[in-house]
Each structure stands twice: as C-alpha cells, then as structure tokens.
Amino acid sequence: MPELPEVETLKNSLESKLIGLSIKNVEFKRENLRYKLFPDLATDILNMNILDVRRRAKYLIIDFANNYSLIVHLGMSGRFTLQPASYEAKKHDHVIFELSNGSKLVFNDTRRFGMIYSFKTSSLEEKFFNNLGLEPFSELLTLEYLKNKLTGRRVPIKNLLMDNKIIVGVGNIYASESLHLAKIHPDKLGIDISSSEIESLINSIRVVLSKAITAGGTTLKDFVNGDNKPGYFTQQLTVYARGGQECLNCSSVIIKAKHSGRATFYCKNCQKA
DNA sequence: ATATGAGCCTGTATGC
DNA sequence: TGCATACAGGCTCATA
C-alpha cells in the first residue's frame, strides 16, 4: 500500500499523539512477520518515553528515551492505528501496544509483507538504511546525482524510479503519476533520458509527492492513517488506475501496461517514447 | 555488475 | 454455486 506520502501521513497523524507517552504492555498475536524476532521488542522499549516519530524511506520510526527505536514497515497492506482502550483485537492484528494513556496502538497487516521490530537507534542506519538511495526532497537529489545513476542503465525509467537504491519512497502509484507529469514514457530506458527530462522528473516527483502528502495519501483499498482515516489523493490521480479513461490533459485513452509484473499507466500522447 | 523472475501472504474480483 | 486465475501501495533473494 504505502509509499512515501502514506508513511509521511501516518507519521503526521501519530507524532503529536505519541510523543510523551510510553508503552505499558505489548501483546503479540503472531510470532513471524517478515522478521520473526519479536520477543526482545517488548523488553527493549517498555515504559520508555517516546521522544520522536519520524520517517525514512517507507519506514516509520518511533524513538524512545533509552536510545532504542521501533521500526515499522507497512508492506502492501499494513495499518498502524490508534484505537480506544475498549478496542478488541480483529483479524490480522499482529501486535497490540498498550499506551500509558490507556489507548492502543495496533499493527494490522493482512498480507504480512510488513515488519515491525526494535533496535538500538544507532544501529538502524547500517541495519536498514545503508543501501538506500536519496530521499526525494533531499538537497542532494540533483541532476548530476540522477544522471550518474541512470547512465548505462538499459532498464525502463519506471523500474528505475521504483529502485530504492536510487530514490526511496516512490512506489507503483507515484512512479506512474510522476512520469505522466514529467511527460516521459515509462518504457524509455535510463540511458536514453536527457538532462532536461531528468530535471523535469525530479521536479515532478516532488510535486506529486507533495500534493499526495497534503491530501493525506492515496487509499485504494487498505491505507488509513493513525486515526483510521483514508487518504484523498485518490481523487487527484491522473493516470494510475485510470486505464481506458481519458487523459485529463489531452483526452487520449490511458494505457495500462506492465513493468516487472507491476501495472503501469500512461498516456501515449503526452508521454512520448 | 546488471537484469529478470519467483516468492512471500491473503483477500477480492473475474471468468468458465 | 464452485473452482481456477489474476491481481493488489513492497521488497528480497536466486538465477541468468
């Protein structure tokens, strides 16, 4: 489900409500998600003040006063929501945190591609972030950087956009949306992308992601923020999930294609190969 | 090194 | 109705 705007939205919805609280109890409903090392998690972070809630790539991170952090990835179908004290566990609730104010923080993930774990804050970098590319809003994301990454790559730009070793946070929805805004055909190979197209692409990624964050993310099916609210960028999608409909720019028919098994949407009139 | 494909899971929608 | 297939916001690993 969640790409950068959804995780950012989740962060925004949780931070003011979590900072200053602590976790009184952890209930595990299942031992194995993508990483099956839960038991330590409880002892690491119990009764420690929450200092910060932040995002890196598509990871949500909660920092505790003892220099441990909870790191959460929502995979495709994950939800991480605040619930009242009276909340009763539902299907696919995997971990339930009881907070110091009585409310509950619930990790639910139908497909179980997500993960949740705790580590020393200082070890997150080498454990999870070492091989990640740049944040889309980083000043380091420049024409030179991206040009260097695309040089010699005989891979469709759509796949390269989704490559976390180059840029993080852009998933299947926002890859199609960014390419449409930049007027670049998704099949165009990295090696064939011009400098002006790269500049346009960087700008488009930032515009699309910013608007999506403002709208609270995109909800196709599963996504809700920490307050159980869906995202409204769905109504602003220009190509994604609009196969067969008219392009909002030029009225051509939106094409649905496939890259590495993932659906891609584009306008073959606006986006020249 | 780079490129492709399978696999991890469950739920839902579609077609026969 | 039943059953089989395809597909869904991600990521990692094994194979060419």
Side-chain angles (χ1 to χ4, degrees), chain A residues 1-11 29-36 55-60 71-80 90-94 107-117 127-133 136 148-179 187-192 205 208-209 211-213 215-225 229-244 256-265:
Chain A
M1 77 193 311
E3 305 181 32
L4 185 151
E6 287 71 39
V7 182
E8 185 73 14
T9 296
L10 179 64
K11 187 213 84 173
K29 316 290 284 184
R30 173 180 279 275
E31 298 291 314
N32 61 320
L33 295 177
R34 250 166 65 197
Y35 296 76
K36 46 183 159 188
R55 177 195 62 76
R56 170 76 170 104
K58 295 174 190 167
Y59 295 97
L60 180 82
I71 179 163
V72 179
H73 195 294
L74 299 179
M76 289 282 253
S77 56
R79 292 178 166 190
F80 199 45
K90 292 200 168 70
K91 197 172 185 183
H92 302 122
D93 285 352
H94 303 311
F107 182 74
N108 177 293
D109 184 9
T110 304
R111 292 177 71 183
R112 284 189 273 135
F113 290 171
M115 57 146 265
I116 181 166
Y117 198 53
K127 210 110 191 152
F128 295 96
F129 309 148
N130 238 1
N131 296 316
L132 291 181
N148 181 256
K149 293 291 182 187
L150 300 187
T151 307
R153 298 299 301 271
R154 303 191 161 277
V155 181
I157 186 64
K158 198 256 186 167
N159 293 347
L160 294 169
L161 261 190
M162 292 176 66
D163 183 346
N164 278 332
K165 291 198 274 299
I166 300 176
I167 300 175
V168 299
V170 180
N172 207 39
I173 292 177
Y174 300 111
S176 282
E177 291 296 317
S178 300
L179 287 168
D187 283 338
K188 197 158 191 176
L189 302 182
I191 196 173
D192 294 328
I205 290 168
V208 168
L209 295 182
K211 286 185 178 171
I213 291 167
T218 299
T219 297
L220 294 181
K221 188 174 181 300
D222 296 305
F223 176 72
V224 291
N225 69 13
K229 301 260 172 44
Y232 296 103
F233 193 69
T234 322
Q235 295 145 243
Q236 294 180 59
L237 294 174
T238 59
V239 285
Y240 191 87
R242 296 192 64 246
K256 179 176 185 178
K258 214 172 236 202
H259 291 86
S260 297
R262 314 285 310 273
T264 306
F265 298 87

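Below, chain A is the first sequence line, B the second, and so on; all start at residue 1.
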Colleague: Between C/dC11 and B/dA1, how many Å separate the two P atoms, rounded to a whole number?
Modeller: 23 Å
Colleague: Grab the N/O contacts between the protein and nucleotides 2-5 of chain B below 3.5 Å, and write none if there aren't any.
Modeller:
unit_1 : atom_1 : unit_2   : atom_2 : d
B/dA3  : OP1    : A/Arg154 : N      : 2.8
B/dA3  : OP2    : A/Arg153 : NE     : 2.5
B/dA3  : OP2    : A/Arg153 : NH2    : 2.7

Colleague: Send over the distance from A/Met76 CE to B/dT10 C1', rounded to a whole Å.
Modeller: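 Rounded to the whole Å, the gap is 11 Å.
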Colleague: Extract from the structure each pairing of a protein N or O with an N or O of nucleotides 6-9 of chain B at less than 3.5 Å, listing the distance.
Modeller:
unit_1 : atom_1 : unit_2   : atom_2 : d
B/dC9  : O3'    : A/Arg112 : NH2    : 2.7
B/dC9  : O2     : A/Arg111 : NE     : 3.0
B/dC9  : N3     : A/Arg111 : NH2    : 3.4

Colleague: What is the distance from NZ of A/Lys221 to C1' of C/dC7, rounded to the nearest Å?
Modeller: 11 Å
Colleague: Is any side-chain heavy atom of A/Leu220 less than 4.5 Å from a side-chain heavy atom of A/Ile173?
Modeller: yes
Colleague: Separation of A/Leu220 atom CG from B/dG11 atom P, in whole Å?
Modeller: 19 Å
Colleague: What is the distance, to the nearest angstrom, from the CG atom on A/Asp163 to the C1' atom on B/dA1?
Modeller: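 After rounding, the gap between these two atoms is 13 Å.
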Colleague: Roughly how far, to the nearest 0.5 Å, is OG1 of A/Thr218 from CD of A/Gln235?
Modeller: 10.0 Å
Colleague: Please enumerate all protein N or O atoms sitting under 3.5 Å from an N or O of nucleotides 14-16 of chain C, with distances to 0.1 Å.
Modeller:
none

Colleague: Whole-Å distance between C/dG10 C1' and A/Phe128 CZ?
Modeller: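 The answer, rounded to whole Å, is 15 Å.
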Colleague: To the nearest angstrom, how far is A/Arg56 atom CZ from C/dC11 atom C1'?
Modeller: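 Those two atoms, CZ and C1', are 16 Å apart.
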Colleague: Distance check needed: C/dT12 P versus A/Asn164 CG, whole Å only.
Modeller: 7 Å
Colleague: Of A/Leu160, A/Asn159, A/Asp192, which meets side chain to side chain contact (heavy atoms under 4.5 Å, CB included) against A/Arg153?
Modeller: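 Running side chain to side chain contact (heavy atoms under 4.5 Å, CB included) over A/Leu160, A/Asn159, A/Asp192 with A/Arg153 returns exactly one hit, A/Leu160.
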Colleague: What distance, rounded to whole Å, do you find between the two P atoms, one in C/dC3 and one in B/dC9?
Modeller: 24 Å
Colleague: Specify the separation, in whole Å, of atom CG of A/Asp222 and atom C1' of B/dA13.
Modeller: 15 Å
Colleague: So what does A/Lys258 touch, heavy atoms closer than 4.0 Å: a base, only the sugar-phosphate, or nothing?
Modeller: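 A/Lys258: backbone/sugar contact only, no base atoms under 4.0 Å.
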